[in-house]
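When reading the values below, keep in mind they use all heavy atoms of this one structure, side chains included, and skip hydrogens, waters and symmetry mates.
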Amino acid sequence: MFATLDLDIRPGSGIGMFELGTSLWAVIDILRGLQHLFPQVEVKFDPEDSATTPVILHLRPHLDLLFSGYHQRLHTICVRKLREPHPPAILRYKDTVISSSAEPLVRVHVSRTFGPTYPGDELKYPGIWFSFDDDGVNEGFKGGTTHLEQRTQEVKRIFIRQKSVDGEERDALDEVLPCPIMHGDISSAVIKIHDGVHFNFFSSPLLLQVRIGETTAQDLTIDFGPPSRVHHKEDERMTIHSPNLQVSEDDGSTDYFYNYFHHGVDFLISGQTHVVRKIIIHSNMPGSPLFQRYKRCPWQLEGKPEDDEDDSPPRKHFYEKFETIRRFLSPGEMLPSMLLDRTDEYDNITLPNSSTRLYGYDGVILEVNEASQVVTVMLF
């Protein structure tokens with residue numbers, strides 16, 4: 001038996017449990033708990049440019065979810081195969097059933113429910129439109145079509161997007177406009193080497209500054225709320241590379257992490273002083289070993305201002321290639337790197353691109369994948 005997919009349509013807002021503007025990380029987290037409804041989920045993206053590629057989730061057979069490339073926000077929802085019975089789908093609008101596997105949705109029913117709109121092969125309304133084409137196969141009006149045939153033309157796909165603010169149709173590759181579902185999410189994180197990170201939030205003038213060696217665990221809890229997880233540091237293998245010969249294997253053994261998966265940020269906190277020692281920012285690159293462990297945190301790496309009066313120092317962004325960021329940090333020769341395989345700590349796990357490289361600079365370490373994209377930034 002298949003569970004019935006019962007979804008309410010909200011033009012310009014969402015459908016069922018899916019709200020436009022929700023992050024890719026949050027949607028996949030929701031799907032993990034709904035495997036009885038969505039047993040088949042396929043993730044598609046451009047592996048050559050995973051930093052800015054739109055991501056599509058195919059929830060077979062009825063839903064396609066398109067996410068924007070930069071902020072990974074739910075941009076467009078496509079409902080398809082409305083009469084597919086495995087599982088059956090019921091669509092409602094304002095508590096009224098408009099489509100089911102037994103009752104097809106036709107052109108005249110759309111007009112009766114949503115009212116008049118401009119003529120065309122598709123019926124378009126603010127925040128929603130109805131297509132009579134099945135996956136790109138044009139089944140629009142044909143010569144000799146009678147008025148009755150037009151009225152009974154069956155809807156094959158429904159698209160839900162944000163409503164336009166200026167009357168212009170929004171492009172499928174545009175970023176999602178700020179909306180209530182984003183409230184409290186990080187809109188940008190400005191990384192200042194040897195200092196800390198300035199966090200900006202959607203729909204809020206609030207600016208949070210986390211400073212290395214100054215911000216405490218209590219400060220983080222007050223500003224960001226309780227962490228998703230508190231993880232005590234157990235991996236001390238990097239101490240072998242320390243130039244300080246006095247470093248012992250026990251130093252730092254009481255340190256612990258505050259993991260904020262829903263913000264894409266980790267904080268390493270001293271077990272003795274409970275002050276932030278390191279900050280780790282995650283890019284959530286599709287195809288990388290850490291994909292979907294953390295939400296994308298849209299970071300900017302700030303350079304030195306040209307003079308004391310420079311109010312806009314140069315910055316590099318998460319979507320830029322490592323070669324560009326490397327020259328920004330160190331215009332000289334290429335520094336040597338360390339090889340990291342994220343699957344070494346797990347048995348029976350293989351990934352097509354499991355290896356990354358660590359490049360160390362003064363005050364910051366970059367983890368870079370094979371596509372030359374920075375997947376994490378470690379500030380210390």
Side-chain angles (χ1 to χ4, degrees), residues 18 20-32 38 40-80 131 133 135-137 157 159-162 169-177 182 185-189 264 281-301 316-326 340-343 349-357 359 366-377:
F18 302 114
L20 296 178
T22 306
S23 70
L24 172 65
W25 181 89
V27 169
I28 293 183
D29 193 52
I30 291 171
L31 292 174
R32 289 191 180 105
F38 306 105
Q40 299 182 58
V41 178
E42 184 180 0
V43 183
K44 286 191 174 182
F45 59 91
D46 180 3
E48 298 300 320
D49 191 17
S50 58
T52 59
T53 177
V55 176
I56 298 176
L57 296 185
H58 292 296
L59 313 185
R60 300 189 183 279
H62 294 298
L63 295 173
D64 292 334
L65 309 180
L66 172 67
F67 294 81
S68 62
Y70 287 86
H71 286 284
Q72 294 183 338
R73 297 282 172 174
L74 182 54
H75 182 285
T76 301
I77 301 170
C78 174
V79 190
R80 52 199 290 272
S131 173
D133 299 340
D135 290 341
V137 178
R157 291 182 296 170
F159 295 89
I160 301 168
R161 288 183 179 176
Q162 287 185 317
E169 186 173 307
R170 303 194 69 234
D171 191 275
L173 299 181
D174 288 344
E175 286 298 305
V176 177
L177 298 174
M182 299 182 187
D185 287 353
I186 295 171
S187 60
S188 67
I281 308 289
H282 298 271
S283 305
N284 196 34
M285 297 293 184
S288 69
L290 291 179
F291 177 60
Q292 276 306 117
R293 296 266 302 266
Y294 296 84
K295 181 189 291 186
R296 168 169 287 177
C297 183
W299 52 266
Q300 305 171 27
L301 190 60
K316 295 300 175 184
H317 301 77
F318 70 91
Y319 51 80
E320 298 186 67
K321 292 287 188 177
F322 167 67
E323 288 76 12
T324 301
I325 298 175
R326 175 188 70 80
L340 174 64
D341 191 327
R342 290 280 183 179
T343 62
I349 292 181
T350 57
L351 293 172
N353 298 303
S354 62
S355 296
T356 56
R357 289 191 173 274
Y359 294 88
L366 305 181
E367 182 180 356
V368 183
N369 64 11
E370 294 181 358
S372 191
Q373 292 157 338
V374 179
V375 296
T376 60
V377 180

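Ionic pairing of D64 and R80 is present here: one or more N-O contacts between side-chain nitrogen and carboxylate oxygen are shorter than 4.0 angstrom. Look at R73 and E175 and you find no salt bridge, because none of the NZ, NE, NH1 or NH2 atoms lies under 4.0 Å from a carboxylate O. Ionic pairing of D185 and K295 is present here: one or more N-O contacts between side-chain nitrogen and carboxylate oxygen are shorter than 4.0 angstrom. Using a 4.0 Å cut-off between charged side-chain N and carboxylate O, R357 and D341 make no salt bridge.
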Evaluation steps, ring pair (Phe, Tyr, Trp, His ring centres under 6.0 Å), between F18 and F38: CA-CA 13 Å; F18 302 114; F38 306 105; 5.8 Å; yes
Test side chain to side chain contact (heavy atoms under 4.5 Å, CB included) applied to K316 and T324, step by step: CA-CA 8 Å; K316 295 300 175 184; T324 301; 3.8 Å; yes
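The OG atom of S372 sits 8.5 Å away from atom CD1 of I325, with the distance rounded to the nearest 0.5 Å. Once rounded to the nearest 0.5 Å, the distance linking CG of L66 with CD1 of I77 reads 10.5 Å. The distance from atom OG of S288 to atom CG of L290, rounded to the nearest 0.5 Å, is 6.0 Å. Rounding to the nearest 0.5 Å gives a distance of 12.5 Å between OG1 of T53 and CZ of F67. Between atom CG of residue L59 and atom CD of residue E42 there is a gap of 10.5 Å, rounded to the nearest 0.5 Å. How far NZ of K44 is from CD1 of I56: 7.5 Å, rounded to the nearest 0.5 Å.
V375 and M285 make their closest contact through CG1-CG, 3.8 Å (heavy atoms, listed as atom of the first residue, atom of the second, distance). When all heavy atoms are compared, the tightest approach of T356 to N369 is CG2-CA, 4.1 Å. Of all non-hydrogen atoms in F318 and S283, the two that sit nearest each other are CB-OG, 4.4 Å. Shown here for S131 and D133, the closest heavy-atom pair between the two residues is OG-N, 3.1 Å. Contact between P286 and F291 at its shortest, heavy atoms only, is CA-CD1, 3.5 Å. Heavy atoms only, all atoms of each residue included: A371 and K321 are closest at O-NZ, 2.9 Å.
S355 and E370 share no side-chain donor-acceptor pair at under 3.5 Å. The closest side-chain donor-acceptor pair between Q72 and S23, if any, does not fall under 3.5 angstrom.
The aromatic rings of Y319 and Y70 sit perpendicular to each other, their planes meeting at more than 60°, with 30° as the lower class boundary.
The closest donor-acceptor contact from the side chain of R296 to the backbone of G264 lies at 3.5 Å or more, if one exists at all. Checking side-chain atoms of D46 against main-chain N and O of S50 turns up no donor-acceptor pair under 3.5 Å. Q162 places a side-chain N or O within 3.5 Å of a backbone atom of L177 that can act as its donor or acceptor partner. The backbone N or O of N284 lies less than 3.5 Å from no partner atom in the side chain of R293, so there is not a single donor-acceptor pair.
For the ring-ring contact (aromatic ring centres under 6.0 Å, His included) with H282, the lone residue among Y294, W25, W299 that qualifies is Y294. Checking each of V27, L65, D29 against T22 for a side chain to side chain contact (heavy atoms under 4.5 Å, CB included) leaves exactly one that passes, namely V27. For the pairing with R161, the side chain to side chain contact (heavy atoms under 4.5 Å, CB included) check across T76, D174, L74, V176 returns one residue only, T76.
Between L57 and L31 the shortest side-chain heavy-atom distance falls below 4.5 Å. No side-chain heavy atom of P54 sits less than 4.5 Å from a side-chain heavy atom of H75. Annotation: side chain of D49 is in contact with side chain of Q373 (closest heavy-atom distance under 4.5 Å). Side-chain contact between E320 and Q300 is absent, with no heavy-atom pair separated by less than 4.5 Å.
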